[in-house]
**Student:** 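One structure coming up, written as structure tokens, with questions to follow.
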Amino acid sequence: MAEQRNNTVYCRNLEESVKIPVLTATLETLFSQYGNILEIVAKKNLRARGQAFVVFDSVDAAERAIKEVQGFNLFEKPMVLQYAKTKSDATVEVESNEAEFEAHKRRRLAEKERKQAIRAAEAQKHLKRPAQSGPSHGLAADSSRPTKKAATAAPSAPGGLKSTAAPAAPQIPDEYLPPNKILFLQNLPDNATSDILNGIFGSFEGFKEVRLVPGRKGIAFVEYENEAGAISAKENTQGMSLGPDGSGVVKVTYQRQ
DNA sequence: AGCACA
């Protein structure tokens, strides 16, 4: 798939030892020849070092910059330039209204949390000794927090026994499943009848249906025509209490696919 | 290698 054009140039293979203010200042002088720069973002943490985002006020400027500066030796290292894969906040801020800007940031933060959850699940997978038995049921108690637990990694089995189990796919906690058009409701109180649920979830854009699960108390699925409907329904019903006294706080997540 | 914006 061809790379998506973007106002922002993603720079990598930058010399990691140069201080951030020096780096951004240098990038600024270098790139300002190709257009107006709204912002340059560079950080020094482990995951982000050696990279920078140069936000131009137009995609044409970004394109020129990529063409011209590609491979340029900066601090003895050839820069590698691409379009950034998502829009910068600064771009959305100037190109949209306040509401869209806020929505953009909310989506971005949600996506960021989601990625962190995936990384956490990924890290678990690598630390985890083969589980004693049975498939994981995905009840990660608190995987949002870095685990401080001392690694009590059992030494590998002395008999040279190898686990034949295929490594389980990393289980992302419910909360961080990617958006899709079907919501998964949990912890529904007994009084949450199909009528009640239809009443609540039916008021959102693109509502299709509520599906209770025969023989399973407390859960249901709600389907929408499209993702946007499901997203707004989720955002507006999250943590809603359906019980009498403010009990029965419903958990609303996207369906695991 | 690594795609951020408290």
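Proteins get letters first, then strands, A, B, ... in listed order; numbering begins at 1 in each.
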**Student:** NA contact type, A/Glu16, heavy-atom cut-off 4.0 Å: base, sugar-phosphate, or nothing?
**Tutor:**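 Base contact - A/Glu16 has a heavy atom under 4.0 Å of at least one base atom.
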**Student:** Assess the side chains of A/Tyr34 and A/Glu68: does a donor N or O sit below 3.5 Å from an acceptor N or O?
**Tutor:** no
**Student:** Please state how far atom CD in A/Glu39 lies from atom C1' in B/dA4, giving the value in whole angstrom units.
**Tutor:**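 About 9 Å, once rounded to whole Å.
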**Student:** So what does A/Lys85 touch, heavy atoms closer than 4.0 Å: a base, only the sugar-phosphate, or nothing?
**Tutor:** base
**Student:** Under the 5.5 Å and 30° test, is A/Phe53 stacked on the base of B/dC3?
**Tutor:**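 According to the criterion (under 5.5 Å, under 30°), no, A/Phe53 does not stack.
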**Student:** To the nearest angstrom, how far is A/Lys105 atom NZ from B/dC5 atom C1'?
**Tutor:**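 Spelled out: NZ on A/Lys105 to C1' on B/dC5 is 9 Å.
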**Student:** Rounded to the nearest angstrom, tell me the gap between atom NE2 in A/His104 and atom P in B/dA4.
**Tutor:** 11 Å
**Student:** So what does A/Ala48 hit on the nucleic acid, given a heavy-atom distance under 4.0 Å: a base, only sugar-phosphate, or nothing?
**Tutor:** nothing
**Student:** Without decimals, in angstroms, what is the distance between A/Leu38 CG and B/dA4 P?
**Tutor:**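 My rounded result for the distance is 19 Å.
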**Student:** Counting only heavy atoms not in A/Lys77, do more than 12 sit closer than 6.0 Å to its NZ atom?
**Tutor:** yes
**Student:** Does one side chain, of A/Asn226 or A/Glu205, offer a donor that lies under 3.5 Å from an acceptor on the other?
**Tutor:** no
**Student:** Counting side-chain heavy atoms from C-beta on, which of B/dG2, B/dC3, B/dC5 comes nearest to A/Asp89?
**Tutor:**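 The closest nucleotide is B/dC5.
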**Student:** Within the 4.0 Å heavy-atom criterion, would you say A/Phe101 contacts the bases, only the backbone, or no part of the nucleic acid?
**Tutor:** nothing
**Student:** CD of A/Gln4: more than 12 outside heavy atoms within 6.0 angstrom?
**Tutor:** no
**Student:** Could you tell me how the ring of A/Phe53 sits relative to the ring of A/Tyr10: parallel (under 30°), tilted (30 to 60°) or perpendicular (over 60°)?
**Tutor:** tilted
**Student:** In whole angstrom, give the distance that lies between atom CG of A/Asn45 and atom P of B/dC3.
**Tutor:**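 Whole-Å distance recorded here is 11 Å.
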**Student:** Of all the nucleotides listed (B/dA4, B/dG2, B/dA6), which has the minimum atom distance to the side chain of A/Thr8?
**Tutor:**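 The nucleotide sitting nearest to the side chain is B/dA4.
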**Student:** How many whole angstroms separate atom CG of A/Leu46 from atom P of B/dC3?
**Tutor:**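 Rounded to whole Å, this separation is 12 Å.
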**Student:** NA contact type, A/Lys44, heavy-atom cut-off 4.0 Å: base, sugar-phosphate, or nothing?
**Tutor:** nothing
**Student:** Starting at CD of A/Gln116 and ending at C1' of B/dA6, how long is that distance when rounded to a whole Å?
**Tutor:**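 A/Gln116 atom CD is separated from B/dA6 atom C1' by 13 Å.
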**Student:** Is A/Lys112 touching bases, backbone alone, or none of the nucleic acid, heavy atoms closer than 4.0 Å?
**Tutor:**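 The residue A/Lys112 makes base contact.
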**Student:** Grab the CD-P distance between A/Glu93 and B/dA4 for me, whole Å please.
**Tutor:** 19 Å
